[in-house]
Each structure stands twice: as C-alpha cells, then as structure tokens.
There are 2 protein chains.
Amino acid sequence: MKRTSRDIRVANRFEVLRHIIASATVSRQQIASDTGLSLATVSNLVGELLELGLLVEVGYQDSGGGRPRGLVAINPNGGVLVGIDVAETYVHVELFDPALTVLASVEEELHPEENRPDQVVAHVVSSVESALATAGVGHDRVLGAGISVPGQVDREGGVSVFAPNWDWHDVPLRSLLARSLDMPLYLDNPLRACVVAELWFGAGRGRDDVVVVNLGTGVGAGLAFGGALYRGATNSAGEWGHTTLVVDGRLCHCGSRGCVETYVGAPGIMQNLRDLAPNSPFLHTDDQTATIEALARGVADGDPVAAKVVTETARYLGVAVADLINLVNPEVVVLSSWVAGLLGDALLAEVRAVVGRHALRRPLAATEITLCRIAGNPVSLGAATFALERFLSAIGTNAGGLVRQT
Amino acid sequence: MKRTSRDIRVANRFEVLRHIIASATVSRQQIASDTGLSLATVSNLVGELLELGLLVEVGYQDSGGGRPRGLVAINPNGGVLVGIDVAETYVHVELFDPALTVLASVEEELHPEENRPDQVVAHVVSSVESALATAGVGHDRVLGAGISVPGQVDREGGVSVFAPNWDWHDVPLRSLLARSLDMPLYLDNPLRACVVAELWFGAGRGRDDVVVVNLGTGVGAGLAFGGALYRGATNSAGEWGHTTLVVDGRLCHCGSRGCVETYVGAPGIMQNLRDLAPNSPFLHTDDQTATIEALARGVADGDPVAAKVVTETARYLGVAVADLINLVNPEVVVLSSWVAGLLGDALLAEVRAVVGRHALRRPLAATEITLCRIAGNPVSLGAATFALERFLSAIGTNAGGLVRQT
DNA sequence: CTCCTTATTTGGGGGCTTATGATAAGCACG
DNA sequence: CGTGCTTATCATAAGCCCCCAAATAAGGAG
C-alpha cells in the first residue's frame, strides 16, 4: 500500500472531473470552493484537462463587476468510453462521451449453449463494432473500454478466474479481446462496476463510506470506504449472498443453508411467493423475470398477496441490511440491480421499516437507504467509469495515448 | 477526506518506527529494503526520530568490508506513553516506553456503585499518578496518554457520548481529566484500541485488511482496511454483536432476537452450557468469568461437557466469522478479548473447522484465523498506541511538545 | 598510507500543494 | 475616452514530499 504524491494528483483530478460532470457547466471558482482545493490547483488541473481535450470552455458568467468567470464543461467530442456488461443471457455494450452520456447502446442475446469463451468474445467484439458504427466513431477516438463479467476476476491480469454460471476457469479475456479490439481494456465484475457507478453518478457521490446491495438472481454487497472502492485482500470482498441469515434454513446452491440469497434473490422471492400462495397467478415457474415483474404489477394494483410477498422479502432483507449498517456504519445503502428496480418503492419502504427496528440507533441515524437512481444500465456505466478512471490515472505518465478533439 | 503530501510523511514515519520496534535493533539499509522506501528517505526519517530522542544508535554491524551499518533501536528513555483501559469493573493503567514495553502497571477496582463520571475520573487520575510514581517518571516525560472507555465516543471532542453499562450520556471525559492530568489525552473505545494494538504489534502487522473479533461479555468486530483503522461514518463501525444470526432466536438485551452476542458472548456461552447441562458444576450463576474459567479447565482436563459447549459455541461463532470473511475478505481474523484468551486453542480449532465449512473457498484461502497473541492487556496497549500515533503525526507541525532525553 | 568496499548524508530534480503577485477583463463614473 | 475598482486567471515562488546520484564517511586489507 505504497502512496506517492502522484496519488494525490490523481485523486484531485477525479474530484474535479466528477464535479464538472455533476455540474454540467461550472466555473473554476465554484470547483475550488466546492472541493476545498485551492484556486491555483483547480486552475492547473482544469488547464491540463482542457489541453487534453476532455474539457471545453463554454462561455462566461457575470461576476458582479469584475472579470467574468470562465465556464468549462465536458467536451462531448473529447473521446469515447466503452462500457461492456457481459451477463448470463446477454452482452450489453454502451458508448459514452466523457461526461458518461450514452452515445449508443447495443445488446446481443447469449443463448444458453453459447457459453464458450470464444463465443462470448465474438459477441462482445461484434457488439462493440456495431455500437461504434452506430455512433459513427472510429477506434482512434476510444479512450478505453471497461468490461464486467460475473464471478471472480483477476483485473490486473485481465483474466476471468472463475465464472460459476459458465464454469469458466482462468479465461484470459483481455488477451482474447485484444486480438480484435484495439483499445485499453479493463476487467472487473458487475458488483464492483455498480459501486463505481454509484460513487461517480449515484447516491455515493461525495460520500466516503457506501454499501451497494445488489439484488438480482444472486445477491452481493459492493463496498466503498474512504470514497474508493474496497476490494479486500483478493478482490472478492462483498460476497454477502451467502451470509447465513437463518441457521438450518433453506438449502442454497452453495451447499450451505439459510443464505441471504435464498430469501431475497429472485429465486428466493419466488419461493417466498410459493410459500404464501402456491398457485398464485404471479408465479411463472422457470421465469424469474416474469414472476418478479408480475409481482411488481401486483403491488402497483394493490394486490394483497403481492404486498405480502414484498413484506416477507423485506423481513429478511431488512434484517440483513440492518446487520450491514451496524457492522460497516456507512453513509448510504443503495438497493440496486433489477429486482430492486422492479419492486422499487414498495420494497424500499418495507425495508426501511424493518431496518428501523433492527439496526442500532446511532449507526442508523447516519445512514440513508435509497434505491439506485441511475438511469440505464449501471453495470455498463460502471465499466466505462473504470476505463475513465484508468485513463485519468495515466495522464502525465506518458503512457496514456491522449485523444485531442475539439 | 482531504489528503496531503504530509500524510505520506506521517504514514512512512509510522512504517519506519513500527519496523524498528518489531526488529528491536536494525540498520537503515534493512529498513529501506523491508519497507520499500529509499535509503535517503529512511535516513531522513531515522535522523528525525534520533533528533527527537525517540531512537538511539546502538552500535554497528559488519557489512563485509565496507563501512559498517549503523544500528538503531528505540530509546527506552525516549519518553513515556500512558495507556488507560476503563472497563466496567476496573481501571487499568499501564506505562510504556516508546517501544511499547510495559514500565509499570496499576489496576484499581471499580465497585458497582462507583459509576459516576467524577468517581471514575478520580480512579483514573490516582492510577496514573501511582503508575508514574512506581516507574519514577515525571509528567514532563509523558509523550501522551490514550484512554479507552466502553461505548460510543466522540474522539475529537474527547467525549463519552454513550456508555451503556453506566448510562453515561455526553460525559466530557477529556476536559474532566485535563484538570488533573497535564498530558495530551486521546479517547477511543476498547474495540478500536484492540485493532490498533493488533496492527502495530499483533497479527495485523504489515497486513492491510484485518478483522479483530472481540469476545467478552459483549462482542464486536474491529475493522482495519488499507492498513488503517476503519471507523465508519460516525465512528461506530464494528457493531457486530447484534448481527442477527438466528431469526427468532434468543432474546437479546438490545430488544432484538438471535443476535450473535447471545450465543458467543460470555452470557451466551453460559446459556449454551445451561442448555446442554443445566446442573453442570462448571456453572457459576452470576459469575461469567468463573464459569468460563471453569469451562476452560474442563476442556484442558478432557471433560466431554466442556468440549461440547465449546463445539456448540463454535458452531455459532464459526458461521458468523465465515460471514465476515465472505463480506470483508480480510487477510487475517484475530479472536481477541478474555473469552478467547481463556478458551484459546480449543475454540480456535473448532471455529476454523466451522468456518472451513461455511466460508467461500477463495476468500477463505486468503484468510488466516488466529488468536490474539499480544501479551498483557491489548486495550491499554492499544490506547497507548493511539497516543504514540498522535505524537508521531504531530511531529513537524510545531505543535507537538517534543521531549528530548538521551 | 592508499585503495577498496559499503553506509550514510547531502544536493538536485521532479512531483505535489498553497500563497502571492501580475495580468486580464469587465464595470462605473467623471 | 480614460481612470480606477473589482474580480478572475495565470505564472511564479516557496514549502513539503519523495527518489536518484554524487559526495562523504568509515571501516578493512594490503
């Protein structure tokens, strides 16, 4: 954990850029007073980013009698970031400008039998090419690409160490993709991508200590401490789905019993429904998405069974979240991923109530619980943000190929 | 979370001093190669600490034909650190030299009715005075004092925000003590003191991500990330005792049910015993310590009931620790505090077995589980270490009153 | 006493920050 | 229109930090 003065520079660069993105258009003065950095440093950093073409000057703002403040904004033509979300059933690729606004979006389905690395790689390559074509952008304009794959990754090596759903072991994804995709490529997994997305663009903005609870088919808890993603000793922090919630509870595919996942993951919620109403019309056997969608509609329509399922799910989720709050004492807990997206406010309200009963008063008072409010796909956004972070870190090391465009 | 280049200096100072303490006597060369810092920086830092009198040169080491390496060590007369452990039933004060070797140790009992702040403060003051007298040290030699009190503290303000066992609310301990104790005073709680002690002198040395599981009457989990104590948003991270382990389980004094504490805290272990053998001779009603001690002897003597109690306790503790490992992915988990000390290896072995069955393979492989191996009282050691850290942080800010002694 | 080897210190360069002054750009007013 | 005032930005300097490399220090061997 060696720190150098360059890390400070990089952190400040993140801070300034993040601020400009958030404000759309802003003066140096404003940045300085908001970030606590000195005017000189801000001016210096802004100058550097202008030089690189990542920012543009966009006019002036009255200053009440003196020289007007120069306003800067992200240069929409400053380059392109690629965010790739590889999931079990699809490959989703998005192109972003440096403000992380979506320029193009492409999704290709992955059929169940298409799970060999070369097949997945082919889909990724064709999606990226097609997205670039749609947006009319050349490879030379790409600042970097981030790719998220499920499971355990070795991000330095660019290797998918283990992907449970496809039984991949040590697949050298970066090398495989590098043959066809000529751009810097950064690998990580969806949980961490979501955390980074929240830190830059969501509820984690400006917060130090953040927990992102991912509710999908599986569940996990992404962590950020001190304003930065926390990875743990071997980049596997956040394995929260197999936390024991009920001793001798439901059998989990991990072999254990009573895991959080078996109660609040999508299949767990289906089981909650089955336990309450075995013949419910909401139940679409073998289709998690359809079931959760049906439940969401049911809740919206005031169906009592649907409401009961949400309450029951929140009973488990709330306890588990309260445990997290007690342990980590975060500033904010974000409920993310598609299940949270569908069940939305109904789930949030119930979870808040349960947490209120189970968490300790003091940590609870410091914690906001919220839904993910990021528009679009937070995973591809986060993946692209990884690429942006890496690009920003490389500035000044004469390694980063700078893209000049005005 | 503003970082400056001075933070780097302070971190390196910590690193170097920690290394010298660990090595007892060591050359600059060795420090440099072990820490990865340059010779120049090490020389610079060592020079600074020599100047302050915290280190002394203690001879030379042959270098194979050239100039011999100068050896440095902690100056045993370089000043005195005070560590104060205020617990429910006693006040324990220890004096340390800058290598954190104990110079004197004093304990005064706190009677159950002596729980007013002024009474506790009086005991602290008299203990410190008596310790200083025993060691024959004047106030002027004290570099700083750290004090640990149970409960929630505001360490900047030096206020005990909430101490549940005595029902203290917002007691301004630092101000109260400052009237009689003329030394820099740092306040925190035992959980965090233990973590700092482990980071400097225990299993956490040189590790980035550490969990210290405290097993006493209550239980908690101290956390360190990136080599530094993690506090959370409001200095209350680590409240792990009230994590729900068994839904609808044993009633806890916090009002909830099934908290970890009710199974693995000392009263919980007594209950485990009662459940197995209601009339066991190990059971000393109303005396936790005696009961746990009796159990420990029973285990040593091969008593089957005692062994069963340990197994049963480990069944709960192991699951809870496995959950921690999955979530945090630490390099080491330390079992600390008096219950762990008494039950020792028997408990450790059982916990390891249970964790092996419940934790995920990859995080588990990266984690060592160990008992606290710090001799003496880790809380007063940690409290004194807080004082040392603060003293080291203040060097160069012309704020720290430097003590020059050779 | 000189040479050789190795350790330590010192000076310089480059990074970062903040502080300070110079310059730029607007407004107001005579 | 010019002068003075205000405010913004930029350039330079100064203070830390680190590291590198040359100079100096301190032994031993011949």
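Basis for what follows: all heavy atoms, side chains included, without hydrogens, waters or symmetry-related copies. Sequence lines set the chain letters: A, B, ... in the order given, protein chains first and strands last, and positions in each chain run from 1.
In this structure, A:Ile31 atom CD1 and D:dT9 atom P are separated by 9 Å, rounded to whole Å. Rounded to whole angstrom, the span from the CD1 atom of A:Ile395 across to the P atom of C:dC16 amounts to 11 Å. If you take CG of B:Asn44 and P of D:dA21, they are 18 Å apart, rounded to a whole angstrom. Regarding B:Ile8, its CD1 atom lies at a distance of 19 Å from the P atom of D:dG15, rounded to whole Å. B:Glu48 places its CD atom 17 Å from the C1' atom of C:dT8, with the value rounded to the nearest Å. A:Asp7 places its CG atom 15 Å from the C1' atom of C:dG14, with the value rounded to the nearest Å. B:Leu37 places its CG atom 16 Å from the C1' atom of C:dT8, with the value rounded to the nearest Å. Separating the CZ atom of B:Arg13 from the P atom of D:dC18 is a distance of 9 Å, rounded to the nearest angstrom.
Partner of A:Ile20 under the side-chain contact (heavy atoms from CB on, under 4.5 Å) criterion, chosen from A:Ile74, A:Leu54, A:Thr25: A:Ile74.
Between B:Arg67 and B:Asp62, the residue whose closest nucleotide on DNA chain D is further toward the 5' end is B:Arg67. Toward the 5′ end of DNA chain C lies the nearest nucleotide of A:Arg9, the other residue of the pair A:Arg9 and A:Tyr60 mapping further downstream. Two residues, B:Gly66 and A:Pro68, neighbour DNA chain C, and the one matched to the more 5' nucleotide by heavy-atom proximity is B:Gly66. Each of B:Ala40 and A:Leu39 lies near DNA chain D, and the nucleotide nearest A:Leu39 is the one positioned closer to the 5' end.
Under the 4.5 Å side-chain criterion, counting only non-hydrogen atoms from C-beta, A:Leu71 is not in contact with A:Glu57.
Put simply, B:Ser38 has a side-chain N or O that comes within less than 4.0 Å of OP1 or OP2 on D:dC19. Note on A:Asn12: a side-chain N or O is less than 4.0 Å away from OP1 or OP2 of C:dT17. Residue B:Thr41 places at least one side-chain N or O closer than 4.0 Å to OP1 or OP2 of D:dC19. When the side-chain nitrogen and oxygen atoms of A:Gln29 are compared with OP1 and OP2 of D:dT7, none of them lie within a distance under 4.0 Å. Considering only side-chain N and O atoms, B:Ser43 lies nowhere under 4.0 angstrom from the phosphate OP1 or OP2 of C:dT8. Here A:Arg28 reaches the OP1 or OP2 of D:dT9: one of its side-chain N or O atoms lies under 4.0 Å away. Between D:dA26 and B:Arg69, no contact under 4.0 Å exists linking OP1 or OP2 to a side-chain N or O.
No salt bridge links B:Asp62 with B:Arg67; every basic N to acidic carboxylate O contact stays at or beyond 4.0 Å.
Atoms CG and OG, on A:Asp7 and B:Ser5 in that order, are 12.0 Å from each other to the nearest 0.5 Å.
Here B:Phe225 and A:Phe225 bring their ring centres to under 6.0 angstrom of each other.
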